[in-house]
Amino acid sequence: MPVICWFRRDLRLADHRALHAAVAASAGEVIPVFIFDDAILHDGYVGAALTGVTLAMLTALDHDLRQLGSRLIVRHGQPLAELQALVRETQASGVYWNRDYLPYAIKRDTAVKLWLRQAGLQAHSFHDSVLVEPEGLKTKGQQKPYLVFGSYVKRWSELAYAQAEQLVPAPTKLVPPDADLSSLPIPSLADLGFELQQTLPTLGEAAAQQRLSQFFDRRRSLSVLKYDDARELPAEAGTSQLSVDLRMGSISIRQCLQRAVDLLTEPLSAEQRQGVDTWIKELAWRDYYTQLIYHNPQMLKQSLDPRYDQIEWRNDPAEFSAWQQGQTGYPIVDAGQRQLNQMAWMHNRVRMISASFLVKDLLIDWRWGERYFMQQLCDADPTANNGGWQWAAGSSGPSAQPYFRIFNPIAQSKKHDPHGTYIRRFVPELANVPNRYIHEPWTMPQTLQEHLGCVIGRDYPAPLVDHGFARERALAAYREALQQPAEE
DNA sequence: CGATAGTTGAC
DNA sequence: TCAACTATC
């Protein structure tokens, strides 16, 4: 009897636990299914870039399945109803899937599991998309979920490393679904009501494997061995570029960790070892935020520390618009926002600078920024994005980013883009501005501005706000909100 | 309980 | 040094 393998954010064949188990249970008679869900597609957070990524990944998955003699069955509707129809049509004995930990997904999957059990069918869900599941790691004494990353990560490694030793292979052959089992064509973006200007990277499992190999290629000048320093430089390609693959599951998180752990067994300098360790820590952040939101689902809508929702945000629409378009007058912020608008991706260091600027300098509610990033980023992931924004706002509990630590966009720019390479790449108006002025072009003498054809206020915006002033304003607003006890 | 520490900072 | 607080063991 066939079984259904329900693909969601795990669009690959290698080290896919639900697929592996489904193949074993059915002797390869697996119905691979993806269901477009309007509740997700039109929730106001999902943008053209993430949707485009999903479509490309599905096309690649279908292609890869066909290499094994099978094909992807695509449906569109309410997941429960669609699965019920598919079970009827295929006489499947059950449904297999990898677990997802967001509130909507939990509710959806629980309903599916309940129906399957009541119908006497198999319901099998798997630990797959994270290294350590949210219930898998609690504090020692009280068995409570962790709030502090440092404490979490101390005990995370051992559990995570054990997972990295348990990879399962991709199937080598699959029984094709019945020829008359209907499948929708993979839609175009326009079909789904989206329009995408940006060019996306090459996507799919093969592309993901290539990105992983490149990042771990010791011969390349910017491999994981240089990650500790190189990740801070937005002008360099010093990051793994795997965020989109980890978002859609075109690569297995266990395989990522396995590569890193393998590399650590080789002789490495202290600096190289630090690069690998730091990257592994980034994988831990992913699990940390997953469990934080799993145990505190309200933080998707509110600050984890409710006092931060008492901040009197200014929420100026014109300033928000200027930030979105990369017209704040702060070159590093504008470069970041324009990179986002041009590439549907932004370097992580600049995400932090830009987020801090929106929240602290402009005093705009972090949720506005969170939503815009979700709509624009090709790697948009509710968990990582919410975690990152709450961190920038300082609002996620016992934060190591206290509210009085306010990023200075000029100092950050000098430190992480010292030659202005990144700025000039995305802000062409500033291409001819000398290094001395590139981080704060409004300090250029008037004659130089005119000589360069880069007059502040005409060719490039004057700063939206003075950082020194904005810093004091933010400190006052935060102090005021935090002094008051939290309202219910 | 008391001791210790808190992603990536700024002034 | 910044301000004090809280999570964790």
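Sequence lines set the chain letters: A, B, ... in the order given, protein chains first and strands last, and positions in each chain run from 1.
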K.L.:
Which stems does DNA chain B form, counting runs of 3 or more consecutive Watson-Crick or G-U wobble pairs with both distances under 3.5 Å?
P.N.:
B:2-6 with C:5-9
K.L.:
Do NZ/NE/NH1/NH2 and the carboxylate oxygens of Arg314(A) and Glu319(A) come within less than 4.0 Å?
P.N.:
yes
K.L.:
Using the ring-ring contact (aromatic ring centres under 6.0 Å, His included) rule, collect all pairs that involve residues 329-358 of chain A, keeping only residues at least two apart or in two chains.
P.N.:
Tyr330(A)-Phe357(A), Tyr330(A)-Trp442(A)
K.L.:
Please give the distance between the P atoms of dT6(C) and dC1(B) as a whole number of Å.
P.N.:
16 Å
K.L.:
For every nucleotide of nucleotides 4-11 of chain B, 5' to 3': is a protein heavy atom under 4.0 Å from its base (B), only from its sugar-phosphate (S), or from neither (-)?
P.N.:
--SBBBSS
K.L.:
Got a sec, which residues hit salt bridge (Lys or Arg N to Asp or Glu O under 4.0 Å) with Asp128(A), two or more places apart in sequence or on another chain?
P.N.:
Arg12(A), Arg254(A)
K.L.:
Between Asp365(A) and Arg371(A) (salt bridge meaning N to carboxylate O under 4.0 Å), is one present in this structure?
P.N.:
no
K.L.:
State whether a side-chain donor-acceptor pair under 3.5 Å links Gln324(A) with Gln376(A).
P.N.:
no
K.L.:
Check every nucleotide of DNA chain C for an atom under 4.0 Å from a heavy-atom of chain A, then give the first and the last such nucleotide from 5' to 3'.
P.N.:
dA3(C) to dC9(C)
K.L.:
Could Arg259(A) and Asp15(A) be called an ion pair, given the rule that one side-chain N must be under 4.0 Å from one carboxylate O?
P.N.:
no
K.L.:
Taking the same atom, P, in dG9(B) and in dC5(C), what whole-Å distance lies between them?
P.N.:
25 Å
K.L.:
Sequence neighbours left out, what pairs pass salt bridge (charged side-chain N to carboxylate O under 4.0 Å, His left out) with at least one residue falling in residues 402-426 of chain A?
P.N.:
Lys414(A)-Glu440(A)
K.L.:
In terms of side-chain heavy atoms, does Glu370(A) have a donor or acceptor partner in Asn386(A) at a distance below 3.5 Å?
P.N.:
yes
K.L.:
Check whether the side chains of Asp217(A) and Ser223(A) place a donor and an acceptor atom closer than 3.5 Å, and report yes or no.
P.N.:
no
K.L.:
Quick test of your reading of the model: are Asp381(A) and Arg286(A) salt-bridged, counting only N-O distances below 4.0 Å?
P.N.:
no
